[in-house]
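Lettering of chains follows the sequences in order, A, B, ..., and the numbering in each one begins at 1. Keep in mind that what you see is a predicted model, and the values were worked out from it rather than measured.
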Number of protein chains: 4
Amino acid sequence: MSFDYKIADISLHEAGRHQIRLAEHEMPGLMSLREEFAEEQPLKGARIAGSLHMTVQTAVLIETLVALGAEVRWASCNIFSTQDEAAAAVVVGPQGTTDDLQGVPVFAWKNESLEEYWWTAAQIFAWPGVDEDPTVGANMILDDGGDATLLVHKGAEFEAAGGVPSAQEDDPEEYRIILETLRQSMTENPQRFTGIASTIKGVTEETTTGVNRLYQLARDGRLLFPAINVNDSVTKSKFDNKYGVRHSLPDGIMRATDVLLGGKTAVVCGYGDVGKGSADALRGQGARVIVTEIDPINALQAAMDGYQVAQLDDVVDQAHLFITTTGGKDLITAEQMQRMRDKAIVGNVGHFDNEIDMAGLAKIPGIKKVEIKPQVREWVFPSGGSIILLSEGRLLNLGNATGHPSFVMSSSFANQTIAQIELFAKSHKGFDGDGAYLSDVYTLPKILDEKVARLHLDALGVRLTELTKDQAEYLGIDVAGPYKPEHYRY
Amino acid sequence: MSFDYKIADISLHEAGRHQIRLAEHEMPGLMSLREEFAEEQPLKGARIAGSLHMTVQTAVLIETLVALGAEVRWASCNIFSTQDEAAAAVVVGPQGTTDDLQGVPVFAWKNESLEEYWWTAAQIFAWPGVDEDPTVGANMILDDGGDATLLVHKGAEFEAAGGVPSAQEDDPEEYRIILETLRQSMTENPQRFTGIASTIKGVTEETTTGVNRLYQLARDGRLLFPAINVNDSVTKSKFDNKYGVRHSLPDGIMRATDVLLGGKTAVVCGYGDVGKGSADALRGQGARVIVTEIDPINALQAAMDGYQVAQLDDVVDQAHLFITTTGGKDLITAEQMQRMRDKAIVGNVGHFDNEIDMAGLAKIPGIKKVEIKPQVREWVFPSGGSIILLSEGRLLNLGNATGHPSFVMSSSFANQTIAQIELFAKSHKGFDGDGAYLSDVYTLPKILDEKVARLHLDALGVRLTELTKDQAEYLGIDVAGPYKPEHYRY
Amino acid sequence: MSFDYKIADISLHEAGRHQIRLAEHEMPGLMSLREEFAEEQPLKGARIAGSLHMTVQTAVLIETLVALGAEVRWASCNIFSTQDEAAAAVVVGPQGTTDDLQGVPVFAWKNESLEEYWWTAAQIFAWPGVDEDPTVGANMILDDGGDATLLVHKGAEFEAAGGVPSAQEDDPEEYRIILETLRQSMTENPQRFTGIASTIKGVTEETTTGVNRLYQLARDGRLLFPAINVNDSVTKSKFDNKYGVRHSLPDGIMRATDVLLGGKTAVVCGYGDVGKGSADALRGQGARVIVTEIDPINALQAAMDGYQVAQLDDVVDQAHLFITTTGGKDLITAEQMQRMRDKAIVGNVGHFDNEIDMAGLAKIPGIKKVEIKPQVREWVFPSGGSIILLSEGRLLNLGNATGHPSFVMSSSFANQTIAQIELFAKSHKGFDGDGAYLSDVYTLPKILDEKVARLHLDALGVRLTELTKDQAEYLGIDVAGPYKPEHYRY
Amino acid sequence: MSFDYKIADISLHEAGRHQIRLAEHEMPGLMSLREEFAEEQPLKGARIAGSLHMTVQTAVLIETLVALGAEVRWASCNIFSTQDEAAAAVVVGPQGTTDDLQGVPVFAWKNESLEEYWWTAAQIFAWPGVDEDPTVGANMILDDGGDATLLVHKGAEFEAAGGVPSAQEDDPEEYRIILETLRQSMTENPQRFTGIASTIKGVTEETTTGVNRLYQLARDGRLLFPAINVNDSVTKSKFDNKYGVRHSLPDGIMRATDVLLGGKTAVVCGYGDVGKGSADALRGQGARVIVTEIDPINALQAAMDGYQVAQLDDVVDQAHLFITTTGGKDLITAEQMQRMRDKAIVGNVGHFDNEIDMAGLAKIPGIKKVEIKPQVREWVFPSGGSIILLSEGRLLNLGNATGHPSFVMSSSFANQTIAQIELFAKSHKGFDGDGAYLSDVYTLPKILDEKVARLHLDALGVRLTELTKDQAEYLGIDVAGPYKPEHYRY
């Protein structure tokens with residue numbers, strides 16, 4: 001575990017700086033926040049432990065947090081997703097050289113092992129002196145998927161229990177590694193995470209999975225500090241999912257296969273926000289789109305938007321392309337894949353790779369896997385027919401393209417930044433005014449959600465209309481917003 | 001006030017029956033409910049006082065309520081909106097002739113005076129014998145806009161106060177008439193509405209305005225019975241507003257003006273659901289659409305959907321068509337109308353006619369109003385230029401076309417019907433099980449919202465996918481739904 | 001035959017003037033020509049015999065011809081299509097009153113008999129004094145469908161033969177009437193049409209049918225004067241067919257049925273220009289569109305545009321709406337109509353009513369026809385199911401709506417006007433310079449086609465880019481056009 | 001010049017075979033022709049000299065020609081465009097190994113020098129024994145851009161003149177090399193191209209440029225053999241240009257920049273087929289599209305399709321993206337690029353790189369060019385702002401993505417193949433029946449154009465409707481087509 005980005009290759013650093021400069025241009029939300037808060041420094045005193053894919057866009061986020069006064073330590077939340085040049089660029093700081101080792105401590109590289117991954121997760125809490133005095137350690141978490149939050153909660157739990165339990169027979173491999181990481185920690189400092197937990201003012205979390213864990217902790221009364229659910233901001237969920245995928249789905253398919261989408265028949269499994277963005281993108285390329293749905297409301301929406309809504313079994317032998325978008329599992333079974341047209345393309349932009357029954361596919365006797373190119377495999381059935389499977393069923397917009405564009409991430413990350421500011425200022429750990437955030441899960445106030453949107457308008461040339469005082473009174477709202485009731489669906 | 005549909009012209013009746021038969025075909029939600037509940041008769045014992053536009057679609061609703069066991073009395077909620085043939089058709093019942101006067105008592109005709117209007121509102125509570133025994137009177141209200149609910153609440157309030165107050169100098173004309181109506185009522189029976197209010201188990205309400213009044217009453221602790229807010233069901237707000245207007249906006253403009261929409265520039269003021277449907281319809285006709293917005297989130301959505309978002313002042317002299325969609329006021333001022341292209345078309349599909357500054361327009365010195373045809377007027381400015389104003393600024397899809405199509409109303413009315421069933425069964429006035437509805441405002445449980453959608457799928461040929469038990473468990477939901485968390489935005 | 005519009009009701013006249021004023025605003029092509037040629041008067045000396053639907057738009061055409069110096073006599077080309085107020089408005093001239101009987105002689109009224117129709121056709125050639133001196137009669141024909149041209153050619157033919165033949169057993173009724181009309185003419189003047197034909201410099205014709213007759217005459221060497229085929233100008237065929245129908249198809253369906261198009265499945269038979277406009281309009285309303293085609297190129301276009309392309313038999317029981325768009329016959333058979341969903345809507349925007357097998361439908365034993373409203377009939381099958389047939393299979397955009405909007409007609413009529421100018425100036429009957437038009441069929445030079453487009457840009461706010469001399473040279477074209485080779489397809 | 005693919009690396013060969021197998025699946029036009037003509041062998045005896053980009057798709061074309069009986073020699077028509085694996089795959093034949101050196105002689109590799117390029121062009125005519133007996137040499141040319149045709153014509157011309165002229169001062173460098181190539185040829189055989197020209201039955205050519213040269217030769221009476229203009233088949237021009245670019249434009253931009261297209265404003269210069277496909281693709285990604293046009297007809301089409309049509313100068317400072325699509329030059333000037341938004345993206349999918357004024361850009365004093373990645377350069381103005389220029393102004397869909405997808409090329413190449421069959425059978429050099437092709441330029445008969453479309457329907461699941469005999473007679477066409485008149489525009 002000798003990795004140290006402080007001696008990173010300067011050329012990697014420069015390549016990263018280059019990309020960061022271009023990304024900044026497409027992240028007006030973050031850049032506006034830097035400008036707005038340049039003087040106020042609302043994150044002065046914040047020590048943020050960040051766990052989020054270490055990409056070029058995240059580099060812009062990190063440097064925004066720093067620009068607002070924060071100290072930051074960072075790890076990736078995924079073993080594959082780090083862009084090394086982004087990490088290298090951040091380590092030594094915007095104006096840095098390798099002589100000037102003053103950058104942000106980043107613990108992330110492409111293709112970590114699971115052991116390395118949990119070591120990096122521990123490093124973002126290893127602030128100098130924290131073992132002696134927890135109050136000099138991290139006081140904020142910025143999380144994606146909840147691993148950083150998990151480490152603190154499990155650590156504190158085991159420390160209270162006086163020891164780390166043994167792994168059970170059927171515990172997943174990764175859980176064993178977590179237990180081992182914490183066992184090692186307790187040998188070093190048996191109250192480390194207890195101290196850290198007491199110092200932390202809150203966490204901001206941006207994924208469905210992470211948010212669900214938080215709600216569960218809160219429901220069970222075990223949440224140790226306040227949390228802001230960034231995932232359900234309109235400017236996160238509606239934008240990231242729908243408009244991000246509209247871009248990155250065709251991008252991924254095109255890069256992977258170079259197959260003309262026009263004139264083809266595509267099945268989109270699911271018509272949530274991701275499904276809506278997918279269907280829209282494919283129709284925009286001249287494909288005929290058929291939707292499958294389990295929810296009658298979304299199914300009715302798909303029909304009203306002009307799509308055929310069918311059961312997969314009825315159309316599986318007609319379509320050229322199958323995309324899962326749901327978060328569910330076994331949307332497409334191995335049996336169904338065998339009934340597809342020869343060389344049908346199958347991919348997932350939903351969540352886990354089990355939306356497509358990869359396991360069942362691999363078990364078909366006599367099946368062969370041919371690598372067309374990285375992340376593009378042809379699975380040849382014994383019958384002779386084949387399908388083209390993208391990214392092994394994992395997110396194809398990440399695996400075959402470059403994921404969400406910067407502009408979309410700007411919206412998500414502006415939510416993160418604003419949530420950090422909000423929570424750092426008003427956590428009940430240190431704030432006793434009205435509206436203190438208790439150890440519960442909150443969404444951002446609508447007015448801040450609106451603010452995130454507002455920060456992205458100028459870059460698009462959007463000119464917003466301002467309510468007159470008279471009009472606002474008539475509507476019973478404030479000129480400055482919020483403009484809609486909480487339950488408004490957009 | 002001698003109107004009596006029981007002696008309605010039989011040819012009017014037959015014309016109405018004809019249209020009802022066709023509308024039934026396009027209202028699968030209501031027809032499915034008739035079938036589902038034919039035996040159970042869940043509304044047996046319900047005496048519903050209905051106040052809702054007396055159209056052909058409403059006739060299908062009324063007959064659905066009757067088919068489910070209810071007794072019904074009906075008035076329109078608008079002085080202009082009654083379709084006389086629909087009223088005539090219902091009065092004498094589905095199989096009726098004028099000899100067989102067994103139909104639903106309907107108190108509604110096209111072009112009522114305000115006095116007549118409030119007289120009809122009172123009639124829906126005038127059940128035979130109710131003055132002697134309130135418990136034989138209406139026990140449910142089905143409301144659109146809240147006038148029936150208002151009458152009961154104001155009546156009970158004044159009866160408790162021992163008298164109806166005098167109108168104040170600045171009370172609107174209509175309020176004087178309401179007071180007079182109630183004054184007359186008190187002379188006939190000083191406890192009439194007190195009795196009625198005590199009998200009523202609840203109200204179901206489908207408009208924003210009506211719902212707002214209900215929330216206010218509930219907040220002030222003055223709501224006399226439970227209420228279900230039907231307006232905010234997904235299958236009401238998202239469908240009625242967006243997909244209904246997508247149909248009826250171009251329909252209205254075309255019928256009114258016969259002007260080619262293709263190639264023209266249209267400004268849509270507002271990008272809520274109504275604005276989204278409007279913009280989509282106009283783009284679908286080949287118009288270039290420019291959106292104006294006050295809410296940065298909706299503005300960002302408009303931009304992401306490919307529309308220019310501008311301030312009206314910057315484009316007012318370029319566009320050929322201006323449509324307001326908001327519920328606000330003074331979206332388009334008289335001054336702006338003077339700067340429009342000659343013969344620009346101006347109309348409203350939002351809410352009240354004050355979205356366009358009609359009052360200001362009329363006050364321009366020297367302005368002339370030329371009737372092109374009913375509901376289409378050219379306003380000629382002293383400068384010589386003119387604009388074409390549709391429906392005098394009132395809802396053009398109602399004034400220049402026929403409003404929402406039956407299919408859309410089927411969705412709204414299935415919500416009403418299901419809400420009536422739910423409330424009639426579980427109002428705290430007569431139900432002491434778990435989940436009783438108290439005197440508060442509720443939205444329909446999501447599973448019933450999903451049910452409404454479900455009832456409309458077959459007619460469109462939609463084939464829904466069913467979750468397996470295994471998939472449902474993985475998602476932590478029930479196979480039968482509900483499928484989404486409450487805050488899901490669709 | 002005592003009809004005389006010169007004593008037309010002044011209120012009818014005024015209603016017509018009103019509509020003409022509004023139509024002028026939407027017909028920038030014609031209005032620009034009036035302005036451009038106000039001084040030059042290129043039609044001075046032209047005496048135009050016009051035969052074209054006597055609508056409000058045609059009134060604007062007529063007055064444009066007059067404004068350019070022409071004398072005009074007019075009849076309709078269809079017994080049903082005259083708008084009486086348009087005829088009345090034109091008769092007495094733009095500034096006219098009934099005291100001032102100086103208007104254009106118009107011989108047209110709504111619902112003519114066939115005898116009346118051919119009488120009016122003869123009247124447009126009955127210029128004062130023409131029997132004495134043919135050279136004071138009509139010297140130009142403006143035709144729609146070719147009836148005026150037919151009358152002259154048949155007249156001259158029979159006059160040369162010395163008599164009108166008897167009708168044969170199987171001649172259609174209408175042909176008998178034509179023969180009778182000409183027989184009567186020969187008793188009055190045995191050389192009338194011979195004289196007229198010798199005077200006429202040419203005809204401009206705007207329909208496929210009329211153009212086909214002209215090509216046949218030319219092929220047989222029997223065409224008596226030059227003809228310009230206006231139908232195949234890009235600004236006629238591509239605009240009128242595609243963009244006109246995109247507007248008037250949904251308009252017609254909505255007015256006829258008030259049925260929601262969103263979510264419905266629609267079959268569009270044919271994917272020529274009319275089919276393209278139809279499919280586009282229905283998709284724009286949220287319908288799912290299925291196309292049927294016989295031409296593999298158009299079928300491939302439909303697929304590339306994202307539509308399912310199927311055989312009617314395979315989808316006839318699934319769709320809610322069926323629209324024919326082809327000019328062929330028996331696209332939808334009576335047998336297929338019996339297999340449709342209950343209350344499926346069937347209509348035609350192609351050409352004749354035989355695109356739908358109306359005759360076969362009427363012959364089904366036990367079938368019943370129920371009039372829903374004018375031009376909307378429900379055909380009830382013995383089985384109990386029914387379909388809704390629009391306009392008895394005739395053009396539904398004319399029968400259920402108001403046909404093409406003014407803006408589209410402006411493009412077609414600007415072609416007519418420019419063709420009249422061109423032919424009047426350069427017919428070989430009176431012009432011996434280069435480029436004289438011989439007795440053959442021509443299309444308008446591309447530069448004039450481009451000119452028609454040019455005349456419509458300002459009204460839409462289109463700003464055209466101008467080639468530099470250098471750029472034009474590089475492309476080998478003239479700065480002023482024409483810009484494309486003849487075979488360019490747009 | 002020792003290049004010999006016969007000793008090509010077997011792994012390169014295998015990679016190519018792999019890609020060819022996948023491409024075959026997307027090229028149903030070519031594969032159907034192989035099947036249809038497997039027995040008949042219509043190209044038996046044909047010796048084809050092919051000059052066309054040596055890509056994977058071309059490999060499928062070559063092997064189709066061989067499967068139909070032809071012998072083939074091949075060179076690329078561009079110094080950069082060869083995919084070496086495709087060349088290597090073809091050299092040794094479909095079932096080949098390096099032991100089996102029986103493949104097609106291919107003379108092409110990525111990044112040829114101009115000298116090498118013209119050497120390869122000469123090699124495709126160097127059939128064994130041709131210098132002794134011209135009749136054993138090439139008897140057909142398949143051309144893309146006209147270089148092979150040029151070499152033969154210039155060669156024969158100089159041989160007739162008795163020598164190759166000296167290059168003039170201002171002749172382009174490439175012309176000197178052509179002269180040198182021919183001078184060398186004459187030293188080897190002073191009648192080589194005279195013999196070849198006499199043997200060649202015809203050429204099929206698929207580009208605008210090549211076709212223009214052919215028309216010029218024909219006009220001047222110097223065309224030495226018949227030519228078929230494949231470029232203007234509907235299934236070439238309308239499909240390749242519109243649907244190919246709809247795919248490859250967003251593909252190229254996304255790969256190059258990863259910038260979100262949704263919400264951005266894009267200017268598309270030109271609204272021909274390429275412009276139409278571009279605008280459609282960008283709108284499909286949620287961009288707002290503004291069109292510039294010089295041709296009023298196309299401008300009107302753009303307006304009718306809902307696009308703003310503006311002059312570039314008026315919007316140059318507002319848009320985020322600028323795409324040229326025209327074939328013209330100086331569409332975007334250096335001065336205009338300086339007025340763009342910071343980091344605006346500029347690219348070309350039209351024709352040559354001079355659509356964008358690259359030369360002018362490079363001359364701006366103080367301008368800097370920063371390589372972001374291959375084919376993506378940031379040009380930084382002295383003012384500090386910059387633009388992102390794709391592929392140095394050359395075709396970005398080739399430079400930043402992989403050009404047209406196989407399915408589109410299948411349509412173009414099926415036209416080539418059918419034209420080869422047609423011309424080989426019916427060239428006046430060897431055919432004296434009706435319909436012989438003389439030394440002129442022809443387009444494919446419409447029925448063959450329809451055939452190409454037909455070959456692509458099954459793969460898309462399109463089900464074509466067949467005319468009945470009765471319907472065909474009514475329309476005056478044959479059941480089997482052709483279905484449209486020559487001037488039909490699709």
Side-chain angles (χ1 to χ4, degrees), chain A residues 242 246 249-250 253-254 257-268 271 275-293 295-323 341 344-345, chain C residues 242 246 249-250 253-254 257-268 271 275-293 295-323 341 344-345:
Chain A
K242 184 169 170 190
R246 183 177 63 184
L249 172 67
I253 300 170
M254 286 172 172
T257 69
D258 287 315
V259 161
L260 181 73
L261 294 173
K264 301 293 168 60
T265 300
V267 174
V268 173
Y271 200 65
K276 286 178 173 79
S278 298
D280 197 16
L282 293 169
R283 175 182 275 183
Q285 274 294 309
R288 174 162 79 95
V289 177
I290 300 172
V291 168
T292 72
E293 247 301 341
D295 184 324
I297 297 178
N298 297 63
L300 193 51
Q301 284 186 305
M304 286 295 165
D305 291 345
Y307 298 110
Q308 180 179 358
V309 183
Q311 293 184 352
L312 184 56
D313 273 334
D314 292 339
V315 295
V316 73
D317 56 346
Q318 297 164 32
H320 304 82
L321 176 64
F322 298 83
I323 302 297
R341 273 171 177 273
I345 298 167
Chain C
K242 184 169 170 191
R246 183 177 63 185
L249 172 66
I253 300 170
M254 285 171 173
T257 69
D258 287 314
V259 161
L260 182 73
L261 294 173
K264 301 292 168 60
T265 300
V267 175
V268 172
Y271 201 66
K276 286 178 173 79
S278 298
D280 196 16
L282 294 169
R283 175 183 273 183
Q285 274 294 310
R288 173 161 81 95
V289 176
I290 300 173
V291 168
T292 72
E293 247 301 340
D295 184 323
I297 297 179
N298 297 63
L300 192 52
Q301 286 187 305
M304 286 295 164
D305 291 345
Y307 297 110
Q308 180 178 359
V309 184
Q311 292 184 353
L312 184 56
D313 273 334
D314 292 339
V315 295
V316 74
D317 57 346
Q318 297 165 31
H320 304 82
L321 177 64
F322 298 83
I323 302 296
R341 274 172 177 270
I345 298 166

Novice: Any residues in residues 284-293 of chain C near chain A, with a heavy-atom distance under 4.5 Å, and which are they?
Specialist: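 Expected list: C/G286, C/A287, C/R288.
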Novice: Under the side-chain contact (heavy atoms from CB on, under 4.5 Å) test, which residues partner C/D280, sequence neighbours left out?
Specialist: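 Checked C/D280 against side-chain contact (heavy atoms from CB on, under 4.5 Å); matches are C/R246.
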Novice: Please classify the contact between C/L261 and chain A as side chain, backbone, both or neither, with a heavy-atom cut-off of under 4.5 Å.
Specialist: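 The answer is neither part of C/L261.
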Novice: Could you please state which residues from residues 301-315 of chain C sit under 4.5 angstrom from chain A, measuring non-hydrogen atom to non-hydrogen atom, sorted by number, or 'none'?
Specialist: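 So far as heavy atoms go, C/A303, C/M304, C/D305, C/G306, C/Y307, C/Q308 are the residues that approach chain A to under 4.5 Å.
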Novice: With C/K264, which residues qualify under salt bridge (charged side-chain N to carboxylate O under 4.0 Å, His left out), at least two apart?
Specialist: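 Residues passing salt bridge (charged side-chain N to carboxylate O under 4.0 Å, His left out) with C/K264: B/E26.
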Novice: Sort A/L260 into side chain, backbone, both or neither according to what part of it lies under 4.5 angstrom from a heavy atom of chain C.
Specialist: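 The side chain, not the backbone.
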